[in-house]
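First comes the structure, then the notes that go with it.
Here is the naming used below: chain letters follow the sequence lines, and residue numbers restart at 1 for every chain.
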Amino acid sequence: MDKYSPKDIEARWQGIWAEKKAFEVPDPDDPASADPSRKSYVLEMLPYPSGSLHMGHVKNYTMGDVIARFRSRNGLSVFHPMGYDAFGLPAENAAIKTGLKPAELTRRNTENIEKQLRALGVSIDWTRELATCDPEYYRWTQYFFLRFYERGLAYRRQAAVNWCPSCQTVLANEQVVQGACERCSSEVENRSLAQWFFRITAYAERLLEDFRLLDQWPERVITMQRNWIGRSEGAEVLFRVDELELDIPVFTTRPDTLFGATFFLLAPEHELVEQLIEGTDEAAAVREYVAQARAKPATDRAAVDREKTGEFTGRYAVNPVNGERIPIYVSDYVLMEYGTGAIMAVPAHDQRDFEFARRFGIEVRVVVSGEREDGTVVRAGDGDTMAEAFEAEGTMVNSGEFDGRDNREAGAAITASLEAKGLGKADVSYRLRDWLVSRQRYWGAPIPIIYCDKCGTVPVPEERLPVLLPEVDDYAPRGQSPIASNEEFVNTDCPHCGGPARRETDTMDTFVDSSWYFLRYTDPHNDEQAFDSAVANYWMPVDQYIGGVEHAILHLMYARFFTKVLYDLGMVDFQEPFTNLFTQGMIHYRGAKMSKSKGNVVNPDEHVERYGADTLRLYILFMGPPELDVEWQDQGIEGGFRFLGRVWRLVNEVVEKTEPREYIEYANGGGKPLELLRKTHQTIDRVTVDVGERFRFNTAISAIMELVNDVYLAKDELFQSTEGRGVLRFVAETTVKMLDPFAPHISSELWERLGHEWLWREPWPEADEEYLEEETYELVVQVNGKLRDRIKVPADADKQALLEAARASGKAARHTEGKQLVKEIVVPGKLVNLVVK
RNA sequence: GCCGAAGUGGCGGAACUGGCAGACGCGCCGGACUCAAAAUCCGGUGGGGCUCACCCCCCGUGUGGGUUCGAUUCCCACCUUCGGCACCA
């Protein structure tokens, strides 16, 4: 017998798969009439092509491959494509460092990654491969930008934005983590710049509503998105500044506390600040305060425990419910980006307002009376003495005609009465901001917009797409994209009037590229349109999407948004792109998340080289449940290799000692052959459920290991009889079939040695019900819930028989002797519990 | 502070709907094979106790309570770790 030598085997089978086009899926001739239940779109999040794949990628693509191969063997038409999220900062930064062009560097990297994926034996339809930096791809990214623009979903405005001083570009809100750039961790600055946005807030409600279509998504991802969108119900209320005849709207979630508003606040950035203070004695101080607030880094401003600061404007606003004049302050704890940038402050019922009021000596007026969590009661006159705001529910006080009512229903009533007077209305506010998509960097899709002095902002006509990213000599960022210095690119003709005009030089956020790539896969070579709707509608939505949790908000929310817009454009007939989502856990090593920056990465290539791809694939899934973080163990992979060696020797021995014709499935004689046959069918059942329904690859693999262990113990005896050899042949073939999704190379090789041809066309084994049931089982006998004995009983024994058997147990009797039998619990198939006193 | 997930042998982890805790693997110990080693094959391996004859007993799934004939699993409180959000009115 030859030794298990993964190197030769793996290369050989990868060659055969490519040559036989084993994983290429043709589009159905008429997608409209094809049966969509027969297809399965299995997709892993596309990789960013940095130098090479890391272990997280290996886990991701192996999981996807197991599912793809399993489904394909179960008769589904599996769609399993791959591509590269190829635009982005790292390539550009590397270009600056090395002097290589980003395009060239990216090309090299994608080639390397494709090589690695092929070396892992992932079953991909490579004819659909794409890279988002390819003009044939980003042409359509630009096309979508224009369609968004037409619908008013892409717009440009001056706004306070997040600026990363190190990356020299603006960032979307989603890309700022705790006040720092998610990419380089530099502290983000606040700048006011004219930028391009996608109006994702217009879809906030639908993004929330359609969670009902995502019942197969992990709860935590939905929760994270729901929190991110942050829907709050409340009211918009108008406060009037009499002297200036100005109405300032505020948003509040607590219209019930309106009678307790004792002051009014504006964000420092609020556009009316200047108008309010003009000519007042306070003007200079307010201007000074505003300037200071603007200069403060975003992180400082967001610090929760900071003391409240502010400046009186010298003006008063009129509370619409009681006509009271309350002082207007400017304070930096009011955010311009949320609500209306102005708030009514109710110190008795909002902790932040409370802190401000105490600091500035403003009246605290209780308008909701109720009980605190610690049992103390807050009453109408407690304003001067209370130590903190009362934010819970209660009964209305100090609120005129609303006194005595439940605060929740009073809130609705107050809103209604304001609405009748035209001074307010019920309203909903979201935490979600519009998606800032322009970037001041080079390596991205140029925004297809032209500025003309005469015609203003003019979209590039569709037929002139793509707007090609020009080559430049110097990629160093200077606060605007390097392409701005390319005169040839910038200067152009206005598509409208033909006069001289200038191109937009910002490029698009790479998350725009990855918001629709799954659609392009369905029709990747179409040069007339982004994709053919009928074809896309056939393959989409993605039946199983797999990726890391780190994209729970960013990519997954953007892709959902994009899909909804495309639905509204009539381009697709589904509202959600990913029916099922699986978020994999991270790989830890030496107590920390495996990452380059921590210097604790384990290189997959080395392990492929040393043990083969099959071993790496097997081990990475065997490590633990796929959705949880798991710990990489250097010696663990050795166990995977040993197991495959065991399978190798076993199957080869079966090939040597049995004939293919000896294959029989039925062991009539009972004894060891029957036992092993049973175990085999039970294993098929477990593996099928674990892989197909539960995604518990670790337990599926351990079930196969158990089977192999049993065969080792029984084989010497079984080789002696015809029946035994027949069963061994069956077990060997079944084991190989079940191992295939995890370790496809060795499985294909062994399948061939067993005298067959292409394993990837073989149907998945089916468990025979007849063999799942045992004739006898071990009945557990408990006394007072404690295990005392196990006895063999016939599978069909009834309750009475079980009870008698249990009573007859000598071991149990020792514990019941001399005691009174109080109760007997019988669970057929499991146990008998004798309760004594 | 709020929301979510997780705490099980020396280690990674099993236990599907409340029913034999520790499957499977790693490591370790012992045996077989060998001149020897490696590889391989077989056996053992939670802790403690015992008239350790492998028979048996007690304890044991982060901590403390509870429900139940019976709890790793359900409920309550707390501790620890990780992830998300964090002045969002």
Quiz item: B/rC16, B/rA14, B/rC85: which one has an atom nearest the side-chain heavy atoms of A/Arg694?
Solution: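 Out of B/rC16, B/rA14, B/rC85, the nucleotide with an atom closest to A/Arg694's side chain is B/rC16.
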Listing time: all N or O pairs from protein to nucleotides 51-61 of chain B that are below 3.5 Å?
| residue | atom | partner | partner atom | Å |
| --- | --- | --- | --- | --- |
| B/rC56 | OP1 | A/Lys811 | NZ | 3.2 |
| B/rC57 | OP1 | A/Arg788 | NH1 | 3.3 |
| B/rC57 | OP1 | A/His815 | NE2 | 2.9 |
| B/rC58 | OP1 | A/Arg788 | NH2 | 3.3 |
| B/rC58 | OP2 | A/Arg788 | NH1 | 3.3 |

Please tabulate the protein-to-nucleotide N/O contacts below 3.5 Å involving nucleotides 22-26 of chain B, giving atom names and distances.
| residue | atom | partner | partner atom | Å |
| --- | --- | --- | --- | --- |
| B/rA23 | O2' | A/Glu706 | OE2 | 2.9 |
| B/rG25 | OP1 | A/Asn709 | ND2 | 3.1 |
| B/rC26 | OP1 | A/Arg642 | NE | 2.9 |
| B/rC26 | OP1 | A/Arg642 | NH2 | 2.7 |

Quiz item: A/Asp685: what forms a salt bridge (charged side-chain N to carboxylate O under 4.0 Å, His left out) with it, not counting sequence neighbours?
Solution: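 Result, salt bridge (charged side-chain N to carboxylate O under 4.0 Å, His left out) vs A/Asp685: none returned.
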Quiz item: Do the ring planes of A/Phe697 and A/Phe695 sit parallel (below 30°), tilted (30 to 60°) or perpendicular (above 60°)?
Solution: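 Parallel, since the angle between the ring planes stays under 30°.
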Can you check the [X] [atom1] to [N] [atom2] distance for me, whole Å?
X: A/Trp632; N: B/rG12; atom1: CH2; atom2: P; result: 16 Å
X: A/Leu779; N: B/rG19; atom1: CG; atom2: P; result: 15 Å
X: A/Tyr777; N: B/rG19; atom1: OH; atom2: P; result: 15 Å
X: A/Phe697; N: B/rG13; atom1: CZ; atom2: C1'; result: 16 Å
X: A/His588; N: B/rG13; atom1: NE2; atom2: C1'; result: 15 Å
X: A/Trp648; N: B/rC41; atom1: CH2; atom2: P; result: 15 Å

When you compare the protein's N or O atoms with those of nucleotides 1-8 of chain B, which come within less than 3.5 Å of each other, and at what distance?
none

Practice problem: Give the stems involving RNA chain B, where a stem is 3 or more consecutive Watson-Crick or G-U wobble pairs (i with j, i+1 with j-1, and so on) under 3.5 Å. | Solution: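 Runs of three or more consecutive pairs: B:1-7 with B:79-85, B:10-12 with B:24-26, B:27-32 with B:40-45, B:46-49 with B:56-59, B:62-66 with B:74-78.
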Quiz prompt | Qualifying side-chain hydrogen bond (donor to acceptor under 3.5 Å, both in side chains) pairs with a residue from residues 616-627 of chain A, counting only residues at least two apart or across chains | solution =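 Of all non-adjacent pairs touching residues 616-627 of chain A, those that pass side-chain hydrogen bond (donor to acceptor under 3.5 Å, both in side chains) are A/Asp65-A/Arg617, A/Glu627-A/Arg696.
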Quiz item: For A/Glu182, which residues count as a side-chain hydrogen bond (donor to acceptor under 3.5 Å, both in side chains) partner, sequence neighbours excluded?
Solution: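 If we apply the side-chain hydrogen bond (donor to acceptor under 3.5 Å, both in side chains) test to A/Glu182, skipping adjacent residues, there are no hits.
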Quiz prompt | Whole-Å C1' distance, B/rC52 and B/rU63 | solution =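 Here B/rC52 and B/rU63 have their C1' atoms 34 Å from each other.
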Show the atom names and distances, to 0.1 Å, of all donor-acceptor pairs under 3.5 Å that link a side chain in residues 819-826 of chain A to residues at least two apart or in another chain.
| residue | atom | partner | partner atom | Å |
| --- | --- | --- | --- | --- |
| A/Glu824 | OE1 | A/Arg807 | NH2 | 3.2 |
| A/Glu824 | OE2 | A/Arg807 | NE | 2.9 |
| A/Glu824 | OE2 | A/Arg807 | NH2 | 2.8 |

Without placing hydrogens or testing angles, list every side-chain donor-acceptor pair under 3.5 Å for residues 258-271 of chain A, not counting sequence neighbours.
| residue | atom | partner | partner atom | Å |
| --- | --- | --- | --- | --- |
| A/Thr262 | OG1 | A/Glu363 | O | 2.8 |
| A/Glu269 | OE2 | A/Arg301 | NH1 | 2.6 |
| A/His270 | ND1 | A/Leu272 | N | 3.1 |

What N/O pairs connect the protein and nucleotides 67-77 of chain B at under 3.5 Å? Give each pair on its own line.
| residue | atom | partner | partner atom | Å |
| --- | --- | --- | --- | --- |
| B/rC69 | OP1 | A/Lys823 | NZ | 3.0 |
| B/rC69 | O2' | A/Asn833 | ND2 | 3.4 |
| B/rC69 | O2 | A/Asn833 | ND2 | 2.4 |

Quiz item: Where along residues 328-336 of chain A does a heavy atom fall under 4.0 Å from RNA chain B?
Solution: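 Only A/Tyr333, A/Val334, A/Leu335 qualify.
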Exercise. For A/Asp350 and for A/Glu778, locate the closest nucleotide of RNA chain B by heavy-atom distance; then report the residue assigned to the nucleotide nearer the 5' terminus.
Key: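 Closest to the 5' end, via its nearest nucleotide, is A/Glu778.
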Self-check item: A/Asn784: side chain to side chain contact (heavy atoms under 4.5 Å, CB included) partners, not counting sequence neighbours
Solution: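 With neighbours one apart ignored, the set is A/Val835, A/Val836.
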